[in-house]
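Some notes on the structure that comes next.
Remember, it's a predicted structure, so these values are computed and weren't measured experimentally. Side chains included, hydrogens not; waters and symmetry mates left out as well; all remaining heavy atoms used. Letters A, B, ... mirror the listed sequences (proteins, then strands); counts begin at 1.
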Amino acid sequence: MSGGGRAIAVLNVAEKPSVAKSVATILSRNQGLRVREGRSRYNKIFEFDYNIRGQPCRMLVTSVTGHMMELEFEERYRKWHSCDPADLYRAPVRKFVPQDKLDIKRTLEEEARRCQWLVLWLDCDREGENIAFEVIDICTAVNHRLTIKRARFSALIEREIHASVQNLVNPNKRFAEAVDARQEIDLRIGASFTRFQTMLLRDAFVIDSATDDRNLVLSYGPCQFPTLGFIVERFWEIQAHEPEEFWTINCSHRSEEGLATFNWTRGHLFDYTCAVILYEMCVEEPSATVTKVRQQEKHKYPPHPLNTIELEKRASRYFRMSSEHTMKVAEELYQAGFISYPRTETDNFSSGTNLHAIVQEQLEHPVWGPYAQRLLEPGSGLWRNPSNGGHDDKAHPPIHPTKFSAGENNWSQDHHKLYELVVRHFLACVSQPAVGAETTVEIDIAGEQFAASGRVIIAKNYLDVYRFESWGGSVIPTYLPGQQFVPTTLTLDSGVTRPPPLLSEADLLNCMDKAGIGTDATMHDHIKKLLDRFYATKDHNTRFSPTNLGEALVMGYDDMGYKLWKPNLRSMMEFDMRAVSEGSKSKAEVLETCLQQMKACFLDAKLNKEKLFEAMAVFFERSNRPVRDDQHATVEVVRLCQLCKQSNMVLKQSRDGNFMVSCLGYPLCRNVVWLPGSLSEAAVTTNVCQSCTPPPVHMIQFKFRRLEIPPNYNVDHLGCIGGCDDILRQLIEICGTGSRMPARGQGSTPLPSAAQRSTTRTQVCTNCRQIGHSVGDCPSQVSGTSNSRTRRTTPQNGETSIPCSTCGALCALRTANTATNRGRKFYSCQSPECNFFVWEDNLDSATGGRRNSSGTSGRGRGSHGGTRGRGSHAGSHGSTFVSVTGDAITGRCYACGDPSHFANACPNRNA
DNA sequence: GCAAGGTC
C-alpha cells in the first residue's frame, strides 16, 4: 500500500449475485474475504480491503438482480377505462421500485450512507448502463456526496477485473437514456394497442380460446407481434403455394462395384415439351461418357462455441425442447454450478480461458471421458483451438460446463440432455473437423450433363463426440475419364413443387435473431407469449401455426396497410436507440418523433377498425353477448364527477351513436349528462373551461349534423358540460338527447335510463317540421343525408340503403374518411347489434355471403402475398415413361402410350 | 388485465 491515507469505504454493485461473488473473489484474491447477508436473501455483501491507485479502500461488493425499477403510467391512467388509449402516448409515466425489489433497495441505501465511493459493476451493455443509473438514483438519494465510478470489463477473469478497478471511468448517460427511450416507447405502444384491440374485439366475437373470453387479453407488443408475423407470413406462403409440375431426367448405373445415381445438372424443367425432347435425345443415344472425375478432401467443421440462441435452437432440434423450457433447465444447471451463465450472446472464448482445464474436468465421465482423454493427448492431434463465431457481449463467456457431473439424482431427463449437450458441444468446439474424401463423377449423354458423387469419411474427429450431427457417406463405383457405359435406367420423372414447411422453433429463433427481435434472454419469452395469448400453436414437431385469432389480427392490420406485424418497427427503434447511445440524437428527440408517428398510426388504426372487424369476421361468429356500455366506445376524461367526487366523468359514444358524459364509477355512481342527439362527433380537448369549477373541466369539440340543428347554429362548437354553455343547453332543448335510441325498434336496445328520460323533451323535427319525433327518427329521412329520400329495401344502382345480408336491418351508404380509403363509399348496418360492412364497389361479390363481403376485395385466407412456389421446394418424383435395361431399350410415347413412337413424333400431339 | 428488459 502506498500513501497510507485513511481507508475509504467503496460500495461496489454488480448486476447479479454471481458477478458480485466473482468480482469479490478475484479482487480479494480470496484472502480476507468476509461475507454477510443483505436484506435480500439472494444478494450477499462481500467485504475485503483493497487498494485503488494508492488509495486504501474498504470494499463492499453487493448486487442487484437486473433492473431495480419499472416504468408505469401514473395512477389515474392505470385503469383500462380511465382514458382513451390514444392518451397513453402523452400520459405521464413514472419509474418506481416494485415490491419485490424493495429489500435490495434498502440494502443499497443502508450501505450507500456509509460509503464515500460507488463503483458500478453492471454488465457492459445498454441495459447494464441503465441499471447503473437506477442504482445511482437510489444511492445518491440517501448520500449526495458519493463519488460515482464505473468499472468496465469484458470478461470475469483476473486480468480484466484488476485492470478495470484501476481504470475506473464515468458511467455513460447516453447508453442509459437509449434504454429509457426504449422502455417508454414499448410501454406506450404496447399498452395503447393492447387496450384498444382487446376492448374492441373481445366482446364482439365468440373467440373459442381455452380461456374465459372475458379474461382474454389481445395484447400487442413490438416484439411479440413481429414474432407472430413470421409465423403468419410463412403460413400464408404455404397457403398461397400453387403446386407446379416439373420434369427431370434421372440416370443410374449399376456395376460390379455397386450403384451410382446421377443427377441431371439442369435440375428440373417446368417446360414439359422441352424436357421430353431432351429426354428423347438421351434415350435415342443413351451411351454415357465420363467427362470428369474429381476427388477432393472435404471438411465438416465443428460448431462455434455455444451461445444462448444456439443452445435453444439445438435443444429444440435435437430434443424438441421448447426454448422456454430449455432456458428454465439451463438456469437450474447454472444455479447449481454445472454450466456457465446461460444468457450470453458470446460465441467466442476469450484468449485467457483455460480450455484444457474444462476438458480435464470431464475425463472421468463413463461415456465421453475417453474422448476427453484423447483430446488432451498431444499425440492424438485431435485438439483444435475453437473457432470464433463473431459475437461478443463483453460480459459472459460462451456456455460451457463448469463442474463435472455424471448425472445428479435430482436431475430430470431434460437436465441430463441439456448438460450432455453443453459438454459435448464444448468438447466438439475444441476438436478437429471431420475429414472426408469426396468423389464427383460427371457424365455426358447426348449432350446432357449428369453428375454423381460419393463420400468416404476418413476421420470423424469431433463427430465422435458430437452425436447430434452426422455426415452422410455413400460409396460410388470407380470411374475413369473417357470411360463409356450404358445407363441401367434412364427415366423422365415428374414431380411437383411443394410449399416450404411451417416454421420450426429453431427457424423462428433464427428469424427473430436476424431481425433483431428481442434479446437472447427474452426471445423465448416472446415465443411463449404467442402460445399463452392463443395467437399460435406448436405441433409435436415443434412447428408453429397461427391460430384463427393470431391470423385475424395480423390480417386486420395488414388490410389497413400497416406493417405493425413486421420487424421493421423494431429495427427502426433499434436504429434510433443506437443513435441515442452514440449521441447523434437526443432521447427527447427520439421519443418525440417515434411517439408522434406511433400515435398517428394508432389513431389511423382506430379509424380503420372496420378492417379488424372484417378480418375477425372471417374466422369468428359475432357475439350475442350484450355489449357492455363501455365497449366500442371512445372514452375520454372530461372532469371529476361532482356527484361521487371519486371517479372521472368521461365522454362516451354508445353503439347507436349517442354521446354522453358519464361517471366511471357506474354502477355505484349513476351520474350522466346526455348530449344532443344531433351530434355527429364529439371529442374532449385539452382546453379547460375558465368559468366552471372545480377545475379542470375539459371543453368538448362538438360537431352537429347540419340538417338536425336550426340554421342559425354553427355545426362546429367548442362547448362545456359544466353548466356555463348556453348554446349547448339550447341545442339540447331543441334536439333532445338520445331520443333516437328507443325509436330504432331493436328489441335488445336497453330502455332509456332515468337520467335520459328526464332530459328528453317534446321535439320538433327539423326535417319535416312535425312534432313527436326528432329529425333522427323522421319517417321521411334515411340516415340524415337528405330530406327527400324514402326508404327502400331493394338495392338499386346509386341507392342509399340496402337490406343487411346478416341481420335484415337497413345498411346506410356512407363515405370513408380514413387515410387509406378516403372518399370510398361503403354500406354499414344501422343495427346497433350488427357490424355488417361492405364497400360499395364490392357489392356484387358481396351478395353471395358474408365471408366474401368484406372490404378486402374478396381476399380471404390463403391469397396473401407469398412467392410462387416455382423451384422452391421440389416434391416427390412420379412416373417413369421409358426404361433402359442393359442394352435393350423399351419405350413408348409419353402422350398417347404407343410404343411405336416417342412423343415428339406423336400423330396425336396437337389433338 | 397492457410492453420489453433485466434477473432469482
Side-chain angles (χ1 to χ4, degrees), chain A residues 14-20 38 40-44 63-73 77-83 85 88-89 91 93 95 97-98 100-101 103-104 122-123 125-135 175-176 178-200 202 211-227 327-328 330-332 334-336 341-344 393 395-396 512 516-529 532-533 564 569-570 573-574 577 595 598 602:
Chain A
E15 189 157 321
K16 45 190 158 282
S18 64
V19 173
S40 150
R41 67 190 178 99
Y42 299 110
N43 307 83
K44 316 268 184 222
S63 55
V64 290
T65 46
H67 278 287
M68 283 297 293
M69 294 176 176
E70 282 176 19
L71 194 67
E72 238 327 340
F73 293 109
Y77 294 90
R78 297 273 267 277
K79 290 219 170 82
W80 277 38
H81 297 294
S82 62
C83 63
L88 298 178
Y89 288 89
V93 289
K95 275 192 174 186
V97 180
D100 62 336
K101 296 287 170 72
D103 46 7
I104 300 178
L122 286 306
D123 291 358
D125 52 22
R126 288 206 297 253
E127 294 294 333
E129 212 65 24
N130 189 271
I131 300 170
F133 278 88
E134 293 176 351
V135 171
F175 271 43
V179 172
D180 281 339
R182 198 263 310 147
Q183 288 175 340
E184 195 173 325
I185 292 167
D186 284 346
L187 176 66
R188 293 184 189 278
I189 297 176
S192 59
F193 273 94
T194 300
R195 290 183 191 182
F196 162 68
Q197 63 186 27
T198 303
M199 293 193 282
L200 183 71
R202 181 178 57 191
T211 188
D212 176 12
D213 278 6
R214 287 183 180 273
N215 293 327
L216 193 68
V217 172
L218 307 186
S219 64
Y220 175 88
C223 284
Q224 51 179 274
F225 244 58
T227 307
M327 290 314 288
K328 183 171 174 288
E331 178 70 29
E332 285 163 8
Y334 160 68
Q335 290 296 333
Y341 191 68
R343 289 183 285 272
T344 175
D393 63 16
H396 308 287
M512 297 171 75
I517 302 297
T519 68
D520 50 309
T522 61
M523 280 158 72
H524 66 271
D525 284 333
H526 302 311
I527 295 175
K528 182 167 183 290
K529 184 146 278 176
D532 291 346
R533 298 280 190 227
L564 287 170
L569 175 65
R570 198 67 186 170
M573 275 172 62
E574 185 58 32
M577 297 308 101
L595 289 175
M598 283 311 296
F602 177 83

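Rounded to an integer number of Å, the gap from CD of E184(A) to C1' of dA3(B) is 13 Å.
Here G518(A) lies in heavy-atom contact (under 4.0 Å) with sugar-phosphate atoms only. Residue-level contact check: F193(A) touches neither bases nor backbone, having no heavy atom under 4.0 Å from any strand. Nucleic acid contact class of R182(A) (heavy atoms, under 4.0 Å, all strands): base. Here K529(A) lies in heavy-atom contact (under 4.0 Å) with sugar-phosphate atoms only. No contact: E134(A) has no heavy atom under 4.0 Å from any strand.
Partners of D125(A) according to the side chain to side chain contact (heavy atoms under 4.5 Å, CB included) rule, which considers only residues two or more places apart in sequence or in another chain, are D123(A), E127(A). For D103(A), the side chain to side chain contact (heavy atoms under 4.5 Å, CB included) partners two or more places apart in sequence, or in a different chain, are R39(A), S40(A).
When distances run from any side-chain atom of D186(A) to the nucleotides dC2(B), dA4(B), dT7(B), the shortest one goes to dA4(B).
With hydrogens and angles ignored, no donor-acceptor pair closer than 3.5 Å exists between the side chain of Q224(A) and the base of dC2(B).
In this structure, T198(A) contributes its side chain and T194(A) its backbone to a donor-acceptor pair below 3.5 Å. Without hydrogens or angle criteria, R188(A) side chain to L88(A) main chain gives a donor-acceptor distance under 3.5 Å.
Residues D520(A) and W80(A) each lie close to DNA chain B; by heavy-atom proximity, the contact nearer the 5' end of the strand is made by W80(A).
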